[in-house]
Structures are given as structure tokens and as C-alpha cells.
Amino acid sequence: MGDIIQAFRVRSHGRGPGLQLRLYFDSGTWRTFVKESVAARLGPLMELPEPLVFGGLGNGRFESHTAVAFKIRILEIWCEEIGYVVADHVLEDRYDILIGHGFMQGYDIRLRPKRHTILADRSALKMPSRVR
């Protein structure tokens, strides 16, 4: 399919501009994962009741003890997500956060593999923030 890695502004709270981070949009993974060093800069971290164990990335099994809530600025809209924090070596050096397709499905973000970009719609990005 091809790698889709794009830079976006990311922040955990407040109104500031956030950090410019490289996000890898992975249609084969449901969950979102954040490098430990990046999560420490975003903070605050949320302790999980017990470690969650995953498989596949990092050439095998890995676990997460914490999570971080953050927002990604796409088309000038801050989109909320929660990511599991993992050791830096679990994710590749080319990106800071792996975005799972759960986020993409929630915000109706489509992948454009031939162009190595994502396709997003402003109205679809606003929908998950509305309570009906």
C-alpha cells in the first residue's frame, strides 16, 4: 500500500500551537501508539490499570503501561485521540506517532497511497465532537 507519513501539529491540552510531529497513518492497525519520548513532551500521561500487551510491531510482543490524550490539527480542526504509549524502539525512527484506523474511521479520513497523503473533509472532522 505504501507508507503515508505526514507532519501535523499535535498538542495535549491548552491553546498553543503544539508540536510538529510525523504521523504514520496505518490502515492495518486499529489502535494508535505514541513513542514514550514524544508522549513525555505531550503529557500528562494516564496510568493504565494493568499493562496491555500487543503483538506485531517491534518484531514481536510489546506492552503499554500508560496512555496519552492529544489533539491533531487537520484542516485547522483539532481532532481528539488517545494513544497507547510504547517504548521508542517499538516504532520506527521515521515517525513519532502511529495512527490506527480507528481514528481514521471516526473522522472519515481516507488514505491516498499513490500520493502518500490523506484525504479529509472539514465537516467530517467536526462530527465526532458533536453530541447528538
For residues 36-55, dump all side-chain donor-acceptor pairs below 3.5 Å to protein atoms at least two apart in sequence or in another chain.
unit_1: S37; atom_1: OG; unit_2: D88; atom_2: OD1; d: 3.4
unit_1: S37; atom_1: OG; unit_2: D88; atom_2: OD2; d: 2.7

Task: Within-4.5 Å side-chain heavy-atom neighbours: L91 and V86 - done: yes

Open item on the list: Could you measure the distance from the CG atom of L19 to the OG atom of S12? Nearest 0.5 Å is fine.
Closed with: 8.5 Å

Task: From CG (D26) to CG (L111), nearest 0.5 Å - done: 9.0 Å

Open item on the list: Can a donor-acceptor pair be found, under 3.5 Å and without considering hydrogens, that links the side chain of S64 to the backbone of V85?
Closed with: yes

Open item on the list: Between R94 and D3, does any NZ, NE, NH1 or NH2 come within less than 4.0 Å of an OD or OE carboxylate oxygen?
Closed with: yes

- [ ] Could you label the plane-to-plane angle of the Y95 and Y24 rings as parallel, tilted or perpendicular, counting under 30° as parallel and over 60° as perpendicular?
- [x] tilted

TODO: Without swapping roles, check the side chain of R9 against the backbone of G18 for a donor-acceptor pair under 3.5 Å.
DONE: yes

Open item on the list: Are the side chains of F25 and L98 in contact, using a 4.5 Å heavy-atom criterion?
Closed with: no

Task: Value rounded to 0.5 Å, distance of CZ in R31 from OH in Y84 - done: 5.0 Å

Task: Heavy-atom donor-acceptor pair, Q6 side chain to I118 backbone, under 3.5 Å - done: yes

Open item on the list: So, taking the atom named CD1 in I4 and the one named CD1 in I99, what distance separates them when rounded to the nearest 0.5 Å?
Closed with: 12.5 Å

Open item on the list: For T29, is there any backbone N or O sitting under 3.5 Å from a side-chain donor or acceptor partner on H101?
Closed with: yes

TODO: Measure the OG1-NZ distance between T117 and K114 for me, rounded to the nearest 0.5 Å.
DONE: 12.5 Å

Task: Heavy-atom side-chain proximity of I82 to V68 below 4.5 angstrom - done: no

Task: R22 side chain to I97 backbone, donor-acceptor under 3.5 Å - done: no

Open item on the list: Would the distance check show the side chain of R73 and the main-chain N or O of V10 forming a donor-acceptor pair, the cut-off being under 3.5 Å?
Closed with: no

Open item on the list: In this structure, would W30 and I109 fall into the same cluster of hydrophobic residues linked by side-chain contacts under 4.5 Å?
Closed with: no

TODO: Verify the neighbour count for atom CZ of R115: are there more than 12 heavy atoms of other residues, nucleotides or ligands below 6.0 Å?
DONE: no

